[in-house]
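Working notes, beginning with the structure itself.
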Amino acid sequence: MRSSMRPRWTRPNSLWLIPLLAAGVALGQPAGPVLTDLHLTVTPRSDAERDRIAAVVAPTADFTTPEPFEDKPGGAGTVRAMTTADAFSQPSANVGFDGELSFRVGNGLFRKLWVQAPASTMASDGLGPFYNARACQSCHIKDGRGHPPESAEDDAVSIFLRVSVPGGAAPMDISGWHPTLPDPVYGGQLQDYATSGLRAEYSFAVSYVEEAVSLSGGEAASLRVPTYTAADLGYGPLAEGAMLSPRVAPQMIGLGLVEAIPAEDILAHADPDDLDGDGISGRASVVPSLEFGVPMLGRFGWKAGTPTVRQQSADAFANDMGISSPDVPHPWGDCTEAQKDCLAMPTGVQPRLGDTEAPDPVMELVTFYSQNLAVPARRDFSKPEVLRGKQVFYETGCTGCHTPKFVTRRDAPNKAQSFQLIWPYSDFLLHDMGEGLADGQRVGEASGTEWRTPPLWGIGL
């Protein structure tokens, strides 16, 4: 569904949806058609298939030898591990010839540098007016993690600051849900660049203080505690009580496989009240889908605030680069009503190409590219010291959050991601990480102290 066709959906609390999602109930609103959460398996698994999958994903107790297919964390799409900068930039091994062609074109769009409108390169203009980067690749460096600054003097292109102000949860709205309120002038994200004729919203600043930490074996470690500051604010002070939260771009591998995990399999690990008494209380994030107009299971982003790869891409186009799409059709990006000069700037909308700066063909190719970045093969997985580390990892309880294995849905839209045994090492649920990691901001169902378990595949690269 697109733009005006999307049903509107408002409700102050969505926890009631979790049992419905787990039961596979079709979700919809009176104002629009009844739609099904597409993260649920459309083709039900047979009892025999469920038993087979349960046996395959069950945690191992044998650490003397690797498990079958442990060297292929991305299933049949796994590619040879490379130790170069291209380690995360390969297409899935089973994507096929036509898929690789779409992947290559999507890669070109992912790397494309957008320019200010109006410009002679009309298919590439529309940048800003405020922005953090000119290309997706600028933050997701070689499709991997962004680089936090080593010092206050470093370029901050891979990191930016989210901003929110106290005021309670705003009503949940399918067209633009804000569980915490954006700054009335600066919006929900600070942009440190601006197109010609405007002043940037701020400049990123960070300072570090060394903190000694005593370890259980008598050793000591030293950690750097960062303090992030929005310096040189160009449009007056932030609202009283404004909270800043840094965001570093995560790695891009395996996103389509994560999207293909049945929602019920993720929800099966949820235990918000810690009923099993293991001290772990992961819970699901249910968020509105701009793409489909229904509530869906959030599984992307640091706080699981996004349900699909396409929506994650559309949000990044809008907030990071100021580029409009059919999903987020605001051509001035994160500009607010208070920023009149920003709203008066020309846009890159070209009627012959569509009514947004990144129309459907662009979004489809960028989404396909993002869904099909391959997971590299495990290295050294059979070495005794690695198997010993695996045993410690399991017996210490790390797998309580970092769930090793899933099997993707058989009816995945992309057959390359259908019925694959994958090893992401994440439950994709929210966990309270305490005040030491708190940012104070609500995102979807996530509180100010909750974060999604990040996948561990590819972390050694």
Side-chain angles (χ1 to χ4, degrees), residues 72-96 99-114 131-149 155-160 247-261 299-302 306 308-321 323 325 358 362-379 414 416-417 420 422-426 428 452 454-461:
K72 297 184 181 299
T78 304
V79 294
R80 179 177 60 88
M82 302 171 64
T83 56
T84 68
D86 293 317
F88 291 167
S89 297
Q90 304 175 75
S92 297
N94 61 343
V95 76
E100 185 167 351
L101 178 59
S102 296
F103 179 91
R104 299 297 179 191
V105 178
N107 181 29
L109 293 169
F110 194 83
R111 297 162 61 92
K112 180 171 76 168
L113 294 172
W114 293 80
Y131 60 98
N132 297 109
R134 292 179 56 197
C136 307
Q137 188 87 205
S138 298
C139 291
H140 300 277
I141 302 170
K142 296 297 288 183
D143 309 297
R145 295 177 291 276
H147 298 175
D155 189 355
V157 70
S158 293
I159 191 170
F160 61 82
R247 292 289 188 272
V248 176
Q251 62 191 36
M252 300 281 292
I253 57 173
L255 298 185
L257 293 168
V258 173
E259 195 169 33
I261 300 172
R299 58 184 80 191
F300 300 107
W302 288 108
T306 310
T308 66
V309 175
R310 174 162 173 145
Q311 184 167 328
Q312 185 83 356
S313 301
D315 288 343
F317 266 109
N319 296 321
D320 301 345
M321 295 185 289
I323 303 294
S325 67
V362 172
M363 291 304 303
E364 288 165 2
L365 286 164
V366 169
T367 300
F368 185 86
Y369 172 75
S370 302
Q371 290 171 328
N372 288 281
L373 284 160
V375 180
R378 280 286 306 275
R379 298 168 299 153
N414 185 341
Q417 288 140 11
Q420 299 295 315
I422 61 174
W423 303 68
Y425 281 91
S426 172
F428 305 100
R452 182 201 69 154
L456 298 182
W457 50 15
I459 195 170
L461 299 170

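Residue numbers run from 1 in the order of the sequence given. Fair warning: this is a prediction, and the values are worked out from it, not measured in the lab.
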Answer yes or no: is there a side-chain heavy-atom contact under 4.5 Å between [X] and [Y]?
X	Y	result
Ile261	Arg299	yes
Asn414	Phe368	yes
Lys142	Gln137	yes
Leu373	Phe103	yes
Thr367	Thr308	no
Pro376	Met82	no
Phe300	Glu259	yes

Show the nearest heavy-atom pair for residues [X] and [Y], with the distance to one decimal.
X	Y	answer
Ile422	Gly75	CG2-N, 4.3 Å
Ala93	Ala76	CB-O, 3.7 Å
Ser102	Leu365	O-CD2, 3.8 Å
Gly146	Val248	O-CG1, 3.4 Å
Gly458	Ile253	CA-CD1, 4.1 Å
Val79	Pro91	CG1-O, 3.4 Å

Under the criterion side chain to side chain contact (heavy atoms under 4.5 Å, CB included), I'd like the reasoning laid out for Phe428 against Val258: C-alpha separation, chi angles, the key distance, then a yes or no. CA-CA 9 Å; Phe428 305 100; Val258 173; 3.6 Å; yes
Using modelled atom types only, decide if a donor and an acceptor are shared between the side chain of [X] and the backbone of [Y] within a distance under 3.5 Å.
X	Y	answer
His140	Pro250	yes
Arg378	Pro73	no
Arg379	Ala81	no
Trp457	Ser426	no
Gln420	Gly74	no
Ser92	Val95	no
Asp320	Asn132	no

Drop me the distance from [X]'s [atom1] to [Y]'s [atom2], to the nearest 0.5 angstrom.
X	Y	atom1	atom2	result
Met363	Leu109	CE	CG	10.5 Å
Tyr425	Ile459	OH	CD1	12.5 Å
Arg111	Arg134	CZ	CZ	14.0 Å
Glu364	Ser313	CD	OG	12.0 Å
Ser138	Leu113	OG	CG	6.0 Å

Dump the intermediate steps for side chain to side chain contact (heavy atoms under 4.5 Å, CB included) on Val375 and Trp423, then the final yes or no. CA-CA 10 Å; Val375 180; Trp423 303 68; over 6 Å; no
Derivation of the side chain to side chain donor-acceptor pair (under 3.5 Å) call for Asn372 and Gln417: CA-CA 9 Å; Asn372 288 281; Gln417 288 140 11; 3.1 Å; yes
Apply side chain to side chain contact (heavy atoms under 4.5 Å, CB included) to the pair Met321 and Cys136, showing each step before the final yes or no. CA-CA 8 Å; Met321 295 185 289; Cys136 307; 3.8 Å; yes
Could you check whether the rings of Trp114 and Phe317 sit parallel, tilted or perpendicular, using 30° and 60° as the cut-offs? perpendicular
Worked verdict on Trp302 versus Arg247 for side chain to side chain contact (heavy atoms under 4.5 Å, CB included): CA-CA 8 Å; Trp302 288 108; Arg247 292 289 188 272; 3.5 Å; yes
Kindly determine whether Gln312 and Thr306 satisfy side chain to side chain donor-acceptor pair (under 3.5 Å), including the steps that lead there. CA-CA 6 Å; Gln312 185 83 356; Thr306 310; 2.9 Å; yes
